Novice: 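Once you've had a glance at the structure underneath, I'll fire off some questions.
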Amino acid sequence: MPQSYADALTTYASRRMQFDQYCQAQPSRISIARGQSVMLDNRSGDTRTFAVGGIFFTLPGYGWKIFTPYVAAVPATVYVDCGSARNVGTMLVQ
């Protein structure tokens, strides 16, 4: 597990979803292998609540979280919500 934000950026460069002040995801789609962790990165100064496949996380302004999406079977599409914005990102788990 990365100890700092800089370490997380390096480790999760291809498995990171960054959210801006409007809850827009960049990139809006990522693909990961089953069991791989991803990084949610709140680049807004506001606290945001995220829902990833029905699991909720609250991140402070400029906060980040590493987690592993759970899927029962692959391939699966996991949708990401940010605040009141629905399906702003998708994760294809293979």
Side-chain angles (χ1 to χ4, degrees):
M1 188 68 76
Q3 297 300 313
S4 71
Y5 180 73
D7 289 343
L9 288 179
T10 301
T11 303
Y12 293 92
S14 65
R15 294 178 281 139
R16 172 177 155 239
M17 262 191 191
Q18 181 179 29
F19 298 86
D20 66 13
Q21 69 270 23
Y22 305 108
C23 273
Q24 296 302 302
Q26 184 62 30
S28 61
R29 294 174 174 230
I30 60 172
S31 294
I32 60 170
R34 185 179 192 176
Q36 271 190 321
S37 297
V38 296
M39 178 181 181
L40 288 183
D41 188 6
N42 180 16
R43 294 294 88 198
S44 166
D46 299 325
T47 297
R48 301 268 189 222
T49 298
F50 296 89
V52 182
I55 297 173
F56 291 84
F57 304 105
T58 299
L59 297 178
Y62 302 103
W64 52 280
K65 180 167 184 65
I66 307 299
F67 75 101
T68 304
Y70 171 78
V71 295
V74 292
T77 300
V78 177
Y79 295 97
V80 181
D81 301 338
C82 175
S84 62
R86 301 291 177 244
N87 301 331
V88 295
T90 56
M91 296 178 191
L92 177 60
V93 183
Q94 301 180 5

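Source: prediction; values computed, not measured. For reference, positions follow the sequence shown, starting with 1.
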Novice: I need the minimum non-hydrogen distance between Gly83 and Cys23, along with the two atoms involved.
Specialist: N-SG, 4.1 Å
Novice: Tell me the closest heavy-atom pair linking Thr11 and Arg15, and the distance in Å.
Specialist: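 Minimum heavy-atom separation between Thr11 and Arg15: O-NH2, 3.5 Å.
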Novice: Judged by atom type as modelled, is there a donor-acceptor pair below 3.5 Å linking the side chain of Arg43 to the main-chain atoms of Tyr62?
Specialist: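 Such a contact is found between Arg43 side chain and Tyr62 backbone.
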Novice: Could you point out which residue of Phe50, Trp64, Phe67 forms a ring pair (Phe, Tyr, Trp, His ring centres under 6.0 Å) with Phe57?
Specialist: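 That would be Phe67.
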Novice: Between Asp20 and Ser44, what is the shortest heavy-atom contact and its length?
Specialist: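 Scanning both residues, the minimum pair turns out to be O-CB, 4.0 Å.
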Novice: I need the minimum non-hydrogen distance between Thr68 and Gln36, along with the two atoms involved.
Specialist: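 Heavy atoms only, the tightest pair is CG2-O, 3.5 Å.
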Novice: Counting C-beta onward and ignoring hydrogens, is there a side-chain heavy-atom pair between Asp46 and Gln21 closer than 4.5 Å?
Specialist: no
Novice: Rounded at 0.5 Å granularity, tell me how far OG in Ser84 sits from CZ in Arg48.
Specialist: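 The CZ atom of Arg48 is 8.5 Å from OG of Ser84, to the nearest 0.5 Å.
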Novice: Find out if a path of hydrophobic residues (ILVMFWY) with successive side-chain heavy-atom gaps under 4.5 Å connects Val74 to Val38.
Specialist: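 Same cluster: Val74 reaches Val38 through Ile, Leu, Val, Met, Phe, Trp or Tyr contacts under 4.5 Å.
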Novice: Which is it for Val80 and Phe19 under the side chain to side chain contact (heavy atoms under 4.5 Å, CB included) test, yes or no, and what are the steps along the way?
Specialist: CA-CA 11 Å; Val80 181; Phe19 298 86; 3.6 Å; yes
Novice: Could you give the distance from OH (Tyr12) to CG (Asp41), rounded to the nearest 0.5 Å?
Specialist: 13.0 Å
Novice: Does Met39 belong to the same Ile/Leu/Val/Met/Phe/Trp/Tyr cluster as Ile30, with side-chain heavy atoms less than 4.5 Å apart forming each link?
Specialist: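 Met39 and Ile30: separate clusters.
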Novice: What pair of heavy atoms forms the shortest contact from Gly53 to Val78, and how long is it?
Specialist: N-CG1, 3.5 Å
Novice: In Å, rounded to the nearest 0.5 Å, how long is the span from CD of Gln94 to OG of Ser31?
Specialist: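 Between atom CD of Gln94 and atom OG of Ser31 there are 5.0 Å.
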Novice: Please report the closest heavy-atom contact between Arg34 and Ala72, naming both atoms and the distance.
Specialist: NH2-O, 3.0 Å
Novice: Is there side-chain contact between Asn87 and Asp81, with heavy atoms separated by less than 4.5 Å?
Specialist: yes
Novice: Got Met17 and Met91 here, is their nearest side-chain heavy-atom distance under 4.5 Å?
Specialist: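 Yes - at least one pair of side-chain heavy atoms lies under 4.5 Å apart.
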Novice: Answer yes if Val71 and Tyr79 sit in the same cluster of Ile, Leu, Val, Met, Phe, Trp and Tyr residues linked by side chain heavy atoms under 4.5 Å apart, and no otherwise.
Specialist: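 Each belongs to a different hydrophobic cluster.
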Novice: Rounded at 0.5 Å granularity, tell me how far CD in Gln18 sits from CG in Leu40.
Specialist: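 Rounded to the nearest 0.5 Å, the CD-CG separation comes to 11.5 Å.
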Novice: If you group Ile, Leu, Val, Met, Phe, Trp and Tyr by side-chain heavy-atom gaps below 4.5 Å, do Ile66 and Val52 land in one group?
Specialist: no
Novice: Quick one, Asn42 and Lys65 - any side-chain contact, counting heavy atoms below 4.5 Å?
Specialist: no
Novice: Taking atom CZ as the centre, does Arg29 end up with more than 12 heavy-atom neighbours from other residues, nucleotides or ligands that are less than 6.0 angstrom away?
Specialist: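 No, the 6.0 Å shell around CZ holds no more than 12 heavy atoms from other groups.
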